[in-house]
S.K.: 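One structure, as structure tokens, below. Some questions next.
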Protein chains: 2
Amino acid sequence: MIVIKDVARRAGVSVGTVSNVINSPERVGEDTRRRVEAAIAELGYVRNVHARQLRVGHSRILGLLVLDMGNPFFVDVARAAERAAHRAGLGVMVCTSNQSASEEEEYLALFAEQRVRGVLLTPADGSGRTVEAFGRHGIPFVLVDRVGAGGAGCSVSVDDVAGGTLAVGHLTAAGHRRIAYVSGPPHLQQIRDRRAGALAALAEAGIGAEALIELPTETLDVAAGRDAASRLLGLSQRPTAVFCANDLIALGVLQTLFAAGVGVPQDMAIVGYDDIEFAAAAAVPLTSVRQPAAAMGRLAAELLLEELAGESGAHEHRQVVLQPELVVRRSSLVRRGANGGPL
Amino acid sequence: MIVIKDVARRAGVSVGTVSNVINSPERVGEDTRRRVEAAIAELGYVRNVHARQLRVGHSRILGLLVLDMGNPFFVDVARAAERAAHRAGLGVMVCTSNQSASEEEEYLALFAEQRVRGVLLTPADGSGRTVEAFGRHGIPFVLVDRVGAGGAGCSVSVDDVAGGTLAVGHLTAAGHRRIAYVSGPPHLQQIRDRRAGALAALAEAGIGAEALIELPTETLDVAAGRDAASRLLGLSQRPTAVFCANDLIALGVLQTLFAAGVGVPQDMAIVGYDDIEFAAAAAVPLTSVRQPAAAMGRLAAELLLEELAGESGAHEHRQVVLQPELVVRRSSLVRRGANGGPL
DNA sequence: GGCGACGAGTGAATTGTTTCAATGAAATTG
DNA sequence: CAATTTCATTGAAACAATTCACTCGTCGCC
């Protein structure tokens, strides 16, 4: 392996000069610089970031930990964050916790070992214990899709209570009086907030909380939606609408309902969450609560970059909360009897 | 920041002993080990991988570079590869080249700087120049979704010629005599192979090559599909079927055709490629050529691990080629006049 | 009791880079 | 022309770990 010393020898200069050519070329004379650059090219020298980081004390990599890269929502977040980081000359290491607190812990430990410059994460652990533990390493972090607890760092999130209200308010306005909530794993704050929003919408419509039939699932993917729909079909008093914690689940629900001959939206309305690209292309285009995924990723990265750039103390932690938006499509088209009493 | 020396002082031992506790605990006496472990826990010591790697010469990270994480196909590949690597105690750094040769070069340079243990990549550069250049660093790599040129390394791919034949053979058997190929960027080998397969299927059916109307696109995403469909609708002699280079494009085509009132499959049949999860949930469930994405990711990682484990020279490069499989759904249901002459 | 073997622990060398005080030469100034 | 400033370059220390040749007891055995 070629090291800086080999380049120095080849160019007939000291290692310090080679380092200067790489890191601050303006300090080096015109012709020496060209000689060194030629030597680098000829030998195919690539500098060792580990040696560099050991000396300078920090790397040029950001850690990004999301719940599930199988969900296009998080892919959008990750891409936007990566673009923003790249603009600032930083690389991003993307990892997936699979909504497991233990995997989250494992990856955060990896980030700490790597001495990443900063971390963007969507916590899987509802208790906030792993995040708190990570905070002790002194590595700056920004919470994504989750409001920060206690102001230990910045956060960018979307108002999930408002989102839940938007979704269920839309359904009650269309006359639905029994609504299922396919909720995903209840240890996630997002899930709990969306339920709170849903209940608020029911209350506002003067409907009791028992009208919300909760169907929790282990995961947040299409398979979970299929499974939940089977359970839904088995209920004695079948609801007339389903609110799904995300679009993957909604697509799974849609598939199973379709296979069972249940008409959407006539027999069962569906509202999803996230408004992923595939929601619009579904068998029945999905009504969904749109989250500004790209904006969230970009803002999170920018907040982190700001914190990194600011001389110590100059940065003040902020909690940014974005607003969701309801996108109405065919899966929840207003039924006959809308705005009327019970059907 | 706590370093190994602090731990050593706290535990009243030498730094060498602390290192042994971490890396080969069996060499250390019972009670010293416990003392050291306690010190590590109390101080919250996290070892610095950069210092470690500098000394031992290689990291415990694999680089993975795919064309587009927005495509669920590559997400599946990446997840499977990551699982396999994780089983062997290696982390994975996932990056996206966006099908750009320059971004590919950039990320490969990043991998080289990081001294990653090995690399899995789907080349974006059709010429193979960037891969060849990367080969000079002496970092083992495995090509994914692309057969290796010249046996410089292992590869895992799917027979794209066979896939193209499967798709177009299915369409000609259903009586289609004018078929569009929405192909994506032609510098990708996969795209060219699928076209070759498509032409082979036409030849086999006794149809001239001019029956394949090629509609290239810049990218391989849903937007590209929508755009291509607009062009398709503007053609003077409109084809009766479309073969799309991947499912994202197919979904875009489907959306635009639907919006234009073109019936699928009656007025236009569609066959996609990859069989991503969302293909089955589309407005009209998509016929698609299924690629074993997870198997490909897993196999690629395993080949790389084998190469890393094998004592130098013990490894022989292999080119694994998997077979695709046609999954027929509603978007290509057999039309009247199937197996007959021209319509 | 002396000798060898063994186990546990030490401490210095090593890894590849950056950084900075020091050096030397050339240019500028009074 | 001496003194000062500027500029390019050098060489060694520092970074935080691993590794390995050694040391120091202790034990067993003849």
Side-chain angles (χ1 to χ4, degrees), chain A residues 1-37 39-40 43-61 89 109-110 112-117 137-139, chain B residues 1-40 43-61 109-110 112-117 137-139:
Chain A
M1 195 101 244
I2 305 295
V3 301
I4 203 170
K5 216 192 289 182
D6 303 320
V7 176
R9 191 163 25 228
R10 171 82 155 228
V13 297
S14 73
V15 295
T17 301
V18 177
S19 177
N20 280 335
V21 169
I22 297 169
N23 300 298
S24 28
E26 74 283 359
R27 290 196 194 166
V28 181
E30 177 79 356
D31 52 343
T32 15
R33 199 193 36 157
R34 266 206 284 271
R35 248 188 11 258
V36 171
E37 279 165 355
I40 289 176
L43 298 173
Y45 167 72
V46 180
R47 80 155 164 232
N48 185 325
V49 283
H50 297 101
R52 162 174 231 276
Q53 119 77 24
L54 185 58
R55 184 60 234 255
V56 308
H58 56 249
S59 68
R60 300 195 61 75
I61 302 276
L110 179 68
E113 268 201 350
Q114 298 274 340
R115 301 288 193 274
V116 296
R117 200 68 208 283
H137 297 309
I139 298 175
Chain B
M1 193 101 247
I2 304 296
V3 300
I4 203 171
K5 215 194 289 181
D6 303 321
V7 176
R9 190 163 26 229
R10 172 80 157 230
V13 297
S14 73
V15 294
T17 301
V18 176
S19 177
N20 281 334
V21 168
I22 296 168
N23 300 297
S24 27
E26 74 282 0
R27 292 198 194 164
V28 181
E30 177 78 358
D31 53 342
T32 12
R33 195 185 37 132
R34 267 205 284 271
R35 242 181 23 252
V36 170
E37 279 164 353
I40 288 176
L43 298 173
Y45 167 71
V46 180
R47 82 156 162 230
N48 184 326
V49 283
H50 301 287
R52 162 174 232 275
Q53 119 78 23
L54 186 56
R55 184 62 232 261
V56 308
H58 57 248
S59 68
R60 301 195 61 75
I61 302 275
L110 179 68
E113 268 200 350
Q114 297 275 340
R115 301 287 192 275
V116 296
R117 199 69 207 282
H137 296 309
I139 298 175

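In the text below, chain A, chain B and the rest are named by the order of the sequence lines, each starting its count at 1. Computed from a predicted model, the values in this text were never measured in an experiment.
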S.K.: Rounded off to whole Å, could you give me the CZ-to-P distance for the B:Arg115 and C:dT17 pair?
M.R.: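 Interatomic distance, CZ of B:Arg115 to P of C:dT17: 7 Å.
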
S.K.: Mind calculating the distance between CD1 (A:Ile40) and P (C:dG16) to the nearest angstrom?
M.R.: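 Distance, rounded to whole Å: 16 Å.
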
S.K.: Rounded to the nearest Å, what distance is computed from the CG atom of residue A:Asp31 to the P atom of nucleotide D:dA8?
M.R.: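 Atom CG in A:Asp31 sits about 10 Å away from atom P in D:dA8.
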
S.K.: Would you indicate which nucleotide in D:dT18, C:dT10, C:dT17 comes nearest to any side-chain atom of B:Thr17?
M.R.: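 Taking heavy atoms from C-beta onward, the closest nucleotide is C:dT10.
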
S.K.: Can you tell me the distance, in whole Å, between the CZ atom of B:Arg47 and the C1' atom of D:dC15?
M.R.: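 For the pair B:Arg47 CZ and D:dC15 C1', the rounded distance is 17 Å.
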
S.K.: Does A:Gln53 reach the main-chain N or O of A:Ser59 with its side chain, forming a donor-acceptor pair under 3.5 Å?
M.R.: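 Looks like yes, one N/O pair under 3.5 Å.
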
S.K.: Report which part of the nucleic acid A:Val49 touches: base, sugar-phosphate, or nothing (heavy-atom distance under 4.0 Å, all strands).
M.R.: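 The residue A:Val49 makes no contact with any strand.
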
S.K.: So, is A:Asn23 close to the C:dT18 phosphate, meaning a side-chain N or O under 4.0 Å from OP1 or OP2?
M.R.: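 Yes, because at least one side-chain N or O of A:Asn23 sits under 4.0 Å from OP1 or OP2 of C:dT18.
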
S.K.: Would you mind reading off the distance between B:Ile4 atom CD1 and D:dA16 atom P, rounded to a whole angstrom?
M.R.: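 It is 11 Å, rounded to the nearest whole Å.
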
S.K.: Does A:Val7 form a side-chain contact (heavy atoms from CB on, under 4.5 Å) with A:Leu43? I'd like the steps, not just the answer.
M.R.: CA-CA 7 Å; A:Val7 176; A:Leu43 298 173; 4.2 Å; yes

S.K.: side-chain contact (heavy atoms from CB on, under 4.5 Å), that's the test. Do B:Met1 and B:Asn48 meet it? Break it down for me.
M.R.: CA-CA 10 Å; B:Met1 193 101 247; B:Asn48 184 326; over 6 Å; no

S.K.: Contact class for A:Gly29 (heavy atom, under 4.0 Å): base, sugar-phosphate, or nothing?
M.R.: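 Sugar-phosphate, backbone atoms only, no base.
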
S.K.: Does the side chain of A:Ile2 reach to within under 4.5 Å of the side chain of A:Arg10, using non-hydrogen atoms?
M.R.: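 Result no, sub-4.5 Å side-chain heavy-atom pair not found.
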
S.K.: With distance as the sole criterion, do the side chain of B:Arg55 and the base of D:dT18 form a donor-acceptor contact below 3.5 Å?
M.R.: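 It does, because a donor-acceptor pair links the side chain of B:Arg55 to the base of D:dT18 below 3.5 Å.
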
S.K.: By nearest heavy atom, map B:Leu54 and B:Arg27 onto DNA chain C; which one lands nearer the 5' end?
M.R.: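 Result: B:Arg27.
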
S.K.: Can you check side-chain contact (heavy atoms from CB on, under 4.5 Å) on B:Ile40 and B:Ile22, steps first, answer last?
M.R.: CA-CA 10 Å; B:Ile40 288 176; B:Ile22 296 168; 4.2 Å; yes

S.K.: Does any N or O in the side chain of A:Arg35 come within less than 3.5 Å of the main-chain N or O of A:Ala11, such that one atom is a donor and the other an acceptor?
M.R.: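 It does hold such a pair.
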
S.K.: Can you tell which of C:dG16, C:dT19, D:dA17 lies closest to the side chain of A:Val3?
M.R.: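 The nucleotide sitting nearest to the side chain is C:dG16.
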
S.K.: Quick one: B:Gln53 CD to C:dG16 P, roughly how many Å, whole number?
M.R.: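 It is 10 Å, rounded to the nearest whole Å.
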
S.K.: Tell me whether the OP1 or OP2 atom of C:dG9 has a side-chain N or O from B:Thr32 closer than 4.0 Å.
M.R.: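 Checking C:dG9 against B:Thr32, a side-chain N or O does come within under 4.0 Å of OP1 or OP2.
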
S.K.: Answer yes or no: is there an ion pair linking B:Asp31 with B:Arg34, defined by an N-O contact shorter than 4.0 Å?
M.R.: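 Not counted as a salt bridge, because no side-chain N and carboxylate O are separated by less than 4.0 Å.
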
S.K.: Measure from OH on B:Tyr45 to P on D:dA16 and round the result to the nearest Å.
M.R.: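 From B:Tyr45 OH to D:dA16 P: 10 Å.
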
S.K.: Any side-chain N or O of B:Ser19 less than 4.0 Å from the OP1 or OP2 oxygen of D:dT18?
M.R.: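 It does, given that an N or O in the side chain of B:Ser19 lies less than 4.0 Å from OP1 or OP2 of D:dT18.
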
S.K.: Let me know the distance between CG of B:Asn48 and P of C:dG16, rounded to the nearest Å.
M.R.: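 My rounded result for the distance is 16 Å.
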
S.K.: Can you pull out the residues from residues 5-14 of chain A that lie within a 4.0 Å heavy-atom distance of DNA chain C?
M.R.: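 Nothing qualifies; none.
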
